[in-house]
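Numbers restart at 1 for each chain; the letters A, B, ... are given by sequence-line order, proteins then strands. Bear in mind that the values here come from a model prediction, so they are computed numbers and not experimental data.
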There are 2 protein chains.
Amino acid sequence: MTTLKDPPQAADDHADLWLTPGELASWLSVVRLITRLPWAIDAQLQRDADLSMTEYMAMAMLAEAPDRTLRMSRLAEMTSVSLSRLSHLVKRLESRGYARREPDPVDGRFTNAGLLPAGMRKLEEAAPGHVALVRHLMVDNLSAERLRRLGQDAERIVQRIDSPAR
Amino acid sequence: MTTLKDPPQAADDHADLWLTPGELASWLSVVRLITRLPWAIDAQLQRDADLSMTEYMAMAMLAEAPDRTLRMSRLAEMTSVSLSRLSHLVKRLESRGYARREPDPVDGRFTNAGLLPAGMRKLEEAAPGHVALVRHLMVDNLSAERLRRLGQDAERIVQRIDSPAR
DNA sequence: GAGTTTGACTTGACGGTTCAAGTGAATCAG
DNA sequence: CTGATTCACTTGAACCGTCAAGTCAAACTC
């Protein structure tokens with residue numbers, strides 16, 4: 001789908017012009033991946049633990065941070081979400097008793113988010129099912145070499161996304 | 001981050017247990033990709049054309065379909081969205097004058113969605129900027145071979161997502 | 001061929017995300 | 001040392017996606 005050949009004499013126009021058929025096919029596969037993979041991960045976590053992927057990731061990052069605590073801004077970049085979104089998200093975690101927030105005593109502009117014991121338990125309870133799915137879809141589905149390269153390519157694209165130019 | 005070694009004697013627990021450090025790193029890179037790439041694509045389309053990626057994709061699929069028309073259910077699977085979501089989405093496109101809906105005259109259970117001329121113009125206007133970004137982030141950023149393999153891996157994962165088991 | 005079932009959507013309410021504006025703490029400028 | 005600015009969030013409204021329930025048309029079922 002979305003096959004396009006020659007830019008200049010544009011006789012065949014549809015969606016993604018000016019990509020070769022092969023490039024287009026690869027791109028559309030990636031689009032399907034970035035659409036469905038989050039959906040699949042979310043669905044499992046939602047069903048089994050009533051958590052979104054972002055909530056899980058945020059709790060996981062907190063869990064391994066020193067003192068299970070991180071600044072909101074740091075946590076936001078680690079989880080690739082906006083500060084606003086994180087603020088709402090942590091407020092929800094807080095209301096569920098999984099996390100806690102307090103202004104940094106040293107510099108009052110910072111807010112430190114910490115994972116509470118109940119949050120840690122929730123995470124430990126959710127982890128096996130989540131990991132099993134990741135294993136099923138990714139780790140056991142690709143050779144070690146291809147998984148490694150996939151990670152590299154992903155990282156390369158992400159770096160370009162938040163590189164200055166553009 | 002999220003380094004975990006040995007499952008049995010679980011001394012180090014955080015997020016993703018029972019993945020080797022390498023597997024975890026690859027997975028986290030992919031998580032960043034599936035989080036930020038949609039965001040980047042959406043941001044460009046939103047800014048330059050006031051369209052979401054899903055809206056763009058749906059219009060693109062319609063544009064290259066025969067008679068610029070597709071059944072809702074077919075369009076839903078082509079764009080990887082639920083029928084419900086597509087219904088809302090097409091209703092919005094309809095209200096903007098980009099698309100049109102009508103029950104299939106042959107079998108009234110189907111609804112055919114069609115792209116209107118204004119939608120086609122909108123798409124043609126949005127395409128160059130969108131394609132340029134895809135080129136910048138993906139096509140020009142990876143070798144042809146790696147792009148091809150990335151597409152293959154993506155497809156393999158997607159297939160496992162909607163494979164019966166699990 | 002009336003009643004049930006199935007298929008293909010549509011709708012509305014709810015909840016999460018985004019965006020713009022606001023708050024309050026530190027820092028800088030004179 | 002005071003007023004403006006910058007930082008690091010927080011808030012609220014608008015918008016979008018999801019989920020459950022509803023609609024309406026065809027296809028069985030007896």
Leading and trailing nucleotides of DNA chain C with any atom under 4.0 Å from heavy atoms of chain B: dG7(C) to dG12(C)

When rounded to the nearest 0.5 Å, the distance separating CE of Met138(A) from CG of Leu150(A) is 5.0 Å

Any idea which heavy atoms bring Arg96(B) and Leu51(B) closest together, and the distance? NH2-CD2, 3.3 Å

Which residue lies toward the 5' end of DNA chain D, Met72(A) or Gln46(A), if each is placed at its nearest nucleotide? Met72(A)

Using atom CG of Asn112(B) as one end and atom C1' of dA25(D) as the other, report the distance to the nearest whole Å. 14 Å

Atom pair distance, as rounded to whole Å: CG in Asp50(B) and C1' in dC15(D): 12 Å

Candidate pair Val81(A) and Leu89(A), rule side-chain contact (heavy atoms from CB on, under 4.5 Å), full reasoning: CA-CA 10 Å; Val81(A) 305; Leu89(A) 188 153; 5.8 Å; no

For side-chain contact (heavy atoms from CB on, under 4.5 Å), just list the numbers for Arg156(A) and Ser29(B), CA-CA rounded to whole Å, side-chain angles, deciding distance to a tenth of an Å, and then say yes or no. CA-CA 9 Å; Arg156(A) 197 179 168 85; Ser29(B) 291; over 6 Å; no

Carefully, step by step, assess Thr111(A) and Asp104(A) under the rule side-chain contact (heavy atoms from CB on, under 4.5 Å). CA-CA 5 Å; Thr111(A) 301; Asp104(A) 185 309; over 6 Å; no

Can you check whether Thr79(B) reaches Thr35(A) side chain to side chain, under 4.5 Å on heavy atoms? no

With hydrophobic residues grouped by side-chain heavy-atom distances under 4.5 Å, do Leu28(A) and Trp18(A) end up in a single group? yes

In this structure, how many angstroms lie between the P atom of dC15(D) and the CG atom of Leu93(B), rounded? 16 Å

Please work out if Val106(B) contacts a base, only the sugar-phosphate, or nothing of the nucleic acid, heavy-atom cut-off 4.0 Å. sugar-phosphate

With a 4.0 Å cut-off on heavy atoms, is Thr111(B) in touch with a base, just the backbone sugar-phosphate, or nothing at all? sugar-phosphate

Spacing of Leu83(B) atom CG relative to dG17(D) atom C1', expressed in whole Å: 14 Å

Using whole Å, what does the distance between atom P of nucleotide dT18(D) and atom CZ of Arg47(A) come to? 16 Å

Using heavy-atom distances to pick each residue's nearest nucleotide on DNA chain C, tell me which of Asp107(A) and Ser82(A) is more 5'. Ser82(A)

Any base atoms under 4.0 Å from Ser73(A), or only sugar-phosphate, or nothing? Heavy atoms, all strands. sugar-phosphate

Between dG17(D) atom P and Asp42(A) atom CG, what is the distance in whole Å? 14 Å

Would you indicate, yes or no, if dT10(D) has its OP1 or OP2 atom less than 4.0 angstrom from a side-chain nitrogen or oxygen of Arg101(A)? yes

How long is the line joining CH2 of Trp39(A) and C1' of dT18(D), in whole Å? 11 Å

Nearest-Å distance, CZ (Arg74(A)) to C1' (dC7(D))? 17 Å

Should Arg85(B) be listed as having a side-chain N or O under 4.0 Å from OP1 or OP2 of dG17(D)? yes

